[in-house]
Each structure stands twice: as structure tokens, then as C-alpha cells.
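One structure is given below, encoded as C-alpha cells.
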Amino acid sequence: MTLTNNPFEAFYTTPVEIGQATGAGGYSNPDGAYTKLGELTADVQPYSGGLAAEEYGLTEQVEKRMYCDNSEHLKQGNIAAISGDKYDIVYTEAWEAGAMVLLRKRRKQM
């Protein structure tokens, strides 16, 4: 659901494609291939893994925090493609005025 009076939408300027990993993920999907589920625009910011541990108790390495409208596709394990880079969605939190998502950059497996 998109709120029509969301004051934060003015900051949602970065296009993001959300997808679901194809195959079993992990080692069987080292390039981050995915099936596109949807698109949205977001406010994407750099973020520290240390802050993720402190604020949310996460042990995952996190590089980005994204604010956007809520979407049914913002689920842990899905992929967010931003400016040619792919990120794993490691945490989502839905709010009344949108969502906050923590992202970990996908790295190719050797």
C-alpha cells in the first residue's frame, strides 16, 4: 500500500528492482541471478554493520539502509538491485509511513 501523504517520499529518488533469487541461492547462485518481482524508488544510504548489531542485534554484515514505501516483495532473502549492484535483503521493518530495509552486498563465490 502506498501512502499518498508520506512526507518522506520526496527523498525516494533511487530506483530499486526487487527480485527473488533463482535456483537454491548461496553457492548455487553466485552471480545473484533473480526473477524480477517489482520496482520501487527509495532513499538508499550507507550503513555500518556495527550499527546493525547495536540497533537491531544483527550479526550480518550490512552496507546499506534503504527507506521506501512498503512492498510485499521486501522480504529477507530477496535481492535488491541498485545501480548495477546486487544486495541481499537481510532485515525489513514495516512502518506506518513506509519501510526500512537493511542490505548486504552480494559477493561472487570463488
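Note: hydrogens, waters and symmetry copies are ignored here, and every other heavy atom, side chains too, is used. In this chain, numbering begins with 1 at the start of the sequence shown.
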Set of residues satisfying side chain to side chain contact (heavy atoms under 4.5 Å, CB included) with respect to K75, sequence neighbours excluded: N78
Backbone N/O of L37 and side chain of H73: donor-acceptor pair under 3.5 Å: yes
Test item: E60 side-chain N/O and V90 main-chain N/O as donor-acceptor pair under 3.5 Å: no
Minimum heavy-atom distance E63-K105, with the two atoms named: OE1-N, 2.7 Å
Exercise: identify the closest heavy-atom pair between D43 and F11: CB-O, 3.4 Å
Shared hydrophobic cluster, Y34 / Y87 (ILVMFWY, side-chain heavy atoms < 4.5 Å): no
Residue pairs, two or more places apart or on separate chains, that pass side-chain hydrogen bond (donor to acceptor under 3.5 Å, both in side chains) and touch residues 46-56: Y47-E55
Results of side chain to side chain donor-acceptor pair (under 3.5 Å) for E93 - residues two or more places apart only: Y91, W95
I want to check something: taking the side chain as every heavy atom from C-beta on, are [X] and [Y] in contact at a cut-off of under 4.5 Å?
X   : Y   : value
L40 : D69 : no
L74 : M66 : yes
D88 : I79 : yes

Interatomic spacing from [atom1] in [X] to [atom2] in [Y] - rounded to 0.5 Å:
X    : Y    : atom1 : atom2 : result
T92  : M100 : OG1   : CE    : 8.0 Å
L102 : Q76  : CG    : CD    : 10.5 Å
I89  : R104 : CD1   : CZ    : 11.0 Å
S83  : E17  : OG    : CD    : 12.0 Å

Exercise: do Q45 and Y67 side chains pair donor with acceptor under 3.5 Å: no
